[in-house]
Amino acid sequence: MRLSAYFLPTLKENPAEAQIVSHRLMLRAGMIRQTAAGIYTWLPLGWRVLRKVEQIVREEQDRAGAQELLMPTIQAAELWKESGRYDDYGKEMLRITDRHDREMLFGPTNEEMITSIFRDNVKRYRDLPKILYHIQWKFRDEVRPRFGVMRGREFLMKDAYSFDLDKAAARRSYNRMFISYMKTFARMGLKAIPMRADTGPIGGDLSHEFHILAETGESAVFVHKDFIETDWRNRDVDYDGDLQPMVDELTGTYAVTEEKHDPAVAAALGDNLVSARGIEVGHIFNFGTKYSKAMNAVVAGPNGENVTVEMGSYGIGVSRLVGALIEAYHDDAGIIWPEAVAPFKVGLINLKKGDPRCDAACETLYRAFGSDVLYDNRDDRAGVKFADMDLIGLPWQVIVGPKGIAGGKVELKSRQTGDRQELSLEAVLERFGV
RNA sequence: CGGGGCGUAGCUCAGCCUGGUAGAGCGCUAGCUUUGGGAGCUAGAAGCCGGAGGUUCGAAUCCUCUCGCCCCGACCA
């Protein structure tokens, strides 16, 4: 993409309404614009990141054996009356009336809808287990939306739902999702810590929240420091094998949210206890038959009897992750994207547009990098280009200037470390395998 | 939902107390000069001062109502 043609409205100054760093940087880097409280437009650069995050989530869900579908954003109130949550959910649910005066709602979550789809189409135990998921916009009419996309009212969420014949099988589904979450966050360069959590109004007895530690996190969390030091990124996982030992290992150290905090147990940890703030990026529940019972989701069991299926649900805040990533990866100059989620891998800076040698070298590089490069071909001063490129945080900058190019050299700068090296054009192309 | 704050140019803000021609910096447009870390000079464009009522000869400014946004708390699959 040529920057001269790209829709990238960066801001030099901090917008007054943005208090936390990820919100400020998303606005300044031209990723989002607010359109109402807690409701945002994703501009091209932000949208690219959101799609990359979404794609990683999707790939890891698929790998864990979940199947993607897509449910609508608008739901009929009837479904929610079946489960009893139409009244329970309260004002967080955005209720809508259509032209025929039918009660509708903008879905805050999809347990009811998926349960109805399941019960209408799966009738025999041999079709179990099933894990179904979608990545869809949700709306929760938060009393106080804040922190940009971290707590928006409209947000993109991956929600998966498991259906099993019995509790042991349900636990296996839970474990699959548990492990896939670890893999998902690790692929993005994030260290997520699974914490025993309250099940809240959703019910059930088994639940974990996945938190990214950050000063700006909304939740108070307590964790054994050993966990923080564990690196999870290169673990191999066999989803068809027994995942319980791995889950046990990951839940064996003390890590809890505030609601589950036990001061007595924590005291025994002494200096090993870390009290921190966390951003909740995932939450998984095993809630048994809460919905299947209320909504009559049953299958014919091995002996011909009706069995109410065991369910679980598994959420990842996809749009919130974009904010969490920035909270985790930034400096004073701007964002520092991990490569896996960077909107472009390389930022190409032409320091002297109009100079035949600079232009020619840039065109060569631009063509070679293909779709993964953002080429700053604007007729601007060097400082402006450096500042913008640092702000939007592409992992690599290739800087082409008249001084270097006279000797056939360009500069390769790492956004993360700031290290620069002079390389020939060929060496740069080889470095990136293009 | 309680408490607090703010709506004036694209952005950051001054002006309001004490009513009297709508302002600055950055950004934008054009020209000239510059050109490796957010340049300089010159000339411009740009605002229903969030909205509606009211007071007044006269309202960005005072009063009433209203809408929106932000922060703290409570809330939060």
Side-chain angles (χ1 to χ4, degrees), chain A residues 9-20 23-24 27-28 30 33-40 83 85 88-93 107-112 138-148 150-153 155 157-161 197-204 207-210 216 218-219 257-259 279-287 290-291 311-317 320 332-334 349-355 358 376 378-391 397-406 409-411 413 418 420 422:
Chain A
T10 57
L11 303 173
K12 202 167 164 181
E13 291 175 273
N14 283 323
E17 75 268 18
Q19 298 298 315
I20 66 167
H23 190 195
R24 279 203 302 270
L27 289 165
R28 285 193 52 208
R33 285 294 181 267
Q34 179 167 315
T35 167
I39 303 179
Y40 294 86
S83 73
R85 280 209 295 180
D88 295 348
Y89 218 93
K91 289 194 152 184
E92 295 240 323
M93 180 187 282
T109 177
N110 287 67
E111 278 84 7
E112 282 79 359
K138 305 293 189 292
F139 194 94
R140 290 181 195 164
D141 202 357
E142 299 274 354
V143 196
R144 184 153 91 85
R146 61 190 122 167
F147 302 149
M150 301 270 279
R151 181 172 286 278
R153 290 194 291 174
F155 57 97
M157 175 164 138
K158 186 285 299 180
D159 40 323
Y161 304 90
D198 229 11
T199 49
I202 201 148
S207 175
H208 285 88
E209 289 180 10
F210 292 77
T216 46
E218 287 194 86
S219 321
T257 59
E258 198 169 18
E259 296 77 26
I279 301 169
E280 180 190 345
V281 290
H283 199 162
I284 61 178
F285 299 87
N286 179 326
F287 49 70
K290 180 179 163 84
Y291 298 92
M311 291 178 59
S313 73
Y314 315 88
I316 289 181
R320 175 181 283 180
D332 289 345
I349 299 178
N350 187 346
L351 284 179
K352 188 157 188 176
K353 185 169 185 280
D355 177 288
C358 288
D376 192 345
R378 294 176 301 178
D379 193 7
D380 265 308
R381 300 173 60 81
V384 174
K385 299 186 181 192
F386 288 134
D388 268 346
M389 203 57 87
D390 285 350
L391 175 63
Q397 296 175 14
V398 175
I399 301 160
V400 179
K403 290 175 191 167
I405 208 68
K409 302 282 192 184
V410 299
E411 210 167 81
K413 176 186 157 186
R420 300 148 176 275
E422 291 229 317

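So you know, we letter chains A, B, ... as the sequences are listed, proteins then strands, and number each from 1. Worth saying up front: this structure is predicted, and the values here are computed from it rather than measured.
With hydrogens and angles disregarded, a donor-acceptor distance shorter than 3.5 Å links the side chain of R140(A) to the backbone of P108(A).
Minimum heavy-atom separation, L27(A) to L11(A): O-CD1, 3.8 Å. Closest approach of P402(A) to L351(A), counting heavy atoms only: CD-CB, 4.5 Å.
For F139(A), the ring pair (Phe, Tyr, Trp, His ring centres under 6.0 Å) partners two or more places apart in sequence, or in a different chain, are F106(A). Partners of K352(A) by salt bridge (Lys or Arg N to Asp or Glu O under 4.0 Å), not counting sequence neighbours: none found. For K385(A), the side-chain hydrogen bond (donor to acceptor under 3.5 Å, both in side chains) criterion is met by no residue, not counting sequence neighbours. In this view, F155(A) satisfies the ring pair (Phe, Tyr, Trp, His ring centres under 6.0 Å) rule with no residue, not counting sequence neighbours. Judged as a side-chain hydrogen bond (donor to acceptor under 3.5 Å, both in side chains), and not counting sequence neighbours, the contacts of D141(A) are R153(A). Annotation: side-chain hydrogen bond (donor to acceptor under 3.5 Å, both in side chains) contacts of E112(A) (sequence neighbours excluded): S83(A), R85(A). Shown here are the salt bridge (Lys or Arg N to Asp or Glu O under 4.0 Å) partners of R33(A), two or more places apart in sequence or in another chain: there are none. With sequence neighbours excluded, no residue forms a salt bridge (Lys or Arg N to Asp or Glu O under 4.0 Å) with R24(A). Take K409(A) and apply the side-chain hydrogen bond (donor to acceptor under 3.5 Å, both in side chains) test, not counting sequence neighbours, and it matches no residue.
Comparing the same atom, C1', in G27(B) and in A60(B) gives a spacing of 24 Å after rounding to whole Å. Straight-line distance between the C1' atoms of C65(B) and U55(B): roughly 15 Å, to the nearest whole Å. Straight-line distance between the C1' atoms of C11(B) and A52(B): roughly 29 Å, to the nearest whole Å. Taking the P atom of each, G4(B) and U8(B) are spaced 22 Å apart, rounded to whole Å. Nucleotides U29(B) and G10(B), compared at atom P, are 15 Å apart to the nearest Å. If you take atom P in G23(B) and the same atom in G38(B), they sit 32 Å apart, rounded to whole Å. Using atom C1' as the reference point in both U12(B) and G44(B), the two lie 22 Å apart (nearest Å). Comparing the P positions of G40(B) and U35(B) gives an interatomic distance of 14 Å, to the nearest angstrom.
Spacing between atom CZ of R378(A) and atom C1' of G38(B) amounts to 11 Å, rounded to whole angstrom units. Whole-Å rounding puts the D88(A) CG to C76(B) C1' distance at 15 Å. Rounded to whole Å, atom P of G37(B) lies 15 Å from atom CG of N350(A). Separating the CD atom of Q19(A) from the P atom of G4(B) is a distance of 19 Å, rounded to the nearest angstrom. One atom, CE of M93(A), and another, P of C76(B), lie 15 Å apart when rounded to the nearest Å. Atom pair M150(A):CE and C70(B):C1' shows a separation of 17 Å (rounding to whole Å applied). Rounded to whole Å, the distance from CG on D376(A) to P on G37(B) is 15 Å. With rounding to whole Å, N14(A) atom CG is found 15 Å from G27(B) atom C1'.
Base pairing of A14(B) is not made with any nucleotide, judged by Watson-Crick or G-U wobble geometry with both donor-acceptor distances under 3.5 Å. Base pairing annotation: A43(B) forms a Watson-Crick or G-U wobble pair with U29(B), both donor-acceptor distances under 3.5 Å. Across all strands shown, C65(B) forms a Watson-Crick or G-U wobble pair, both distances under 3.5 Å, with G51(B). Partner assigned to G20(B) is C57(B), using Watson-Crick or G-U wobble distances below 3.5 angstrom. Under the Watson-Crick and G-U wobble criteria, each requiring two contacts below 3.5 Å, nucleotide U34(B) is left unpaired.
Note on R153(A): nothing from the nucleic acid sits closer than 4.0 angstrom, heavy atoms only. Using a 4.0 Å heavy-atom cutoff across all strands shown, Y314(A) reaches no nucleic acid atom at all. If you check every strand for non-hydrogen atoms under 4.0 Å, K413(A) touches a base. Residue contacts for A18(A): at a heavy-atom cut-off of 4.0 Å it reaches no nucleic acid atom on any strand shown.
Taking for each of R320(A) and E17(A) the nucleotide of RNA chain B with the nearest heavy atom, the 5'-most of the two is the partner of E17(A). Mapping P15(A) and E280(A) onto RNA chain B via the closest heavy atom, the residue that lands nearer the 5' end is P15(A).
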Atom pairs, protein N/O to nucleotides 33-36 of chain B N/O, distance under 3.5 Å:
{"unit_1": "U34(B)", "atom_1": "O2", "unit_2": "R381(A)", "atom_2": "NH1", "d": "2.7"}
{"unit_1": "G36(B)", "atom_1": "N2", "unit_2": "E411(A)", "atom_2": "OE1", "d": "2.6"}
{"unit_1": "G36(B)", "atom_1": "N2", "unit_2": "E411(A)", "atom_2": "OE2", "d": "3.0"}

Give me the distances for all protein-to-nucleotides 23-26 of chain B N/O pairs that come in under 3.5 Å?
{"unit_1": "G25(B)", "atom_1": "N2", "unit_2": "E13(A)", "atom_2": "OE1", "d": "3.1"}

Look for any protein N or O under 3.5 Å of an N or O in nucleotides 72-75 of chain B and output each such pair with its distance, or none.
{"unit_1": "C72(B)", "atom_1": "OP2", "unit_2": "R144(A)", "atom_2": "NH1", "d": "3.1"}
{"unit_1": "C72(B)", "atom_1": "OP2", "unit_2": "R144(A)", "atom_2": "NH2", "d": "2.8"}
{"unit_1": "C72(B)", "atom_1": "N4", "unit_2": "R144(A)", "atom_2": "NE", "d": "3.4"}
{"unit_1": "A74(B)", "atom_1": "N6", "unit_2": "R146(A)", "atom_2": "NH2", "d": "3.4"}
{"unit_1": "C75(B)", "atom_1": "N4", "unit_2": "R146(A)", "atom_2": "NH2", "d": "3.1"}

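When K403(A), Q397(A), R420(A) are each tested for a side-chain hydrogen bond (donor to acceptor under 3.5 Å, both in side chains) with E411(A), only one passes: R420(A). Evaluated for a side chain to side chain contact (heavy atoms under 4.5 Å, CB included) with V400(A), the options I405(A), I349(A), D376(A) yield exactly one hit, I405(A).
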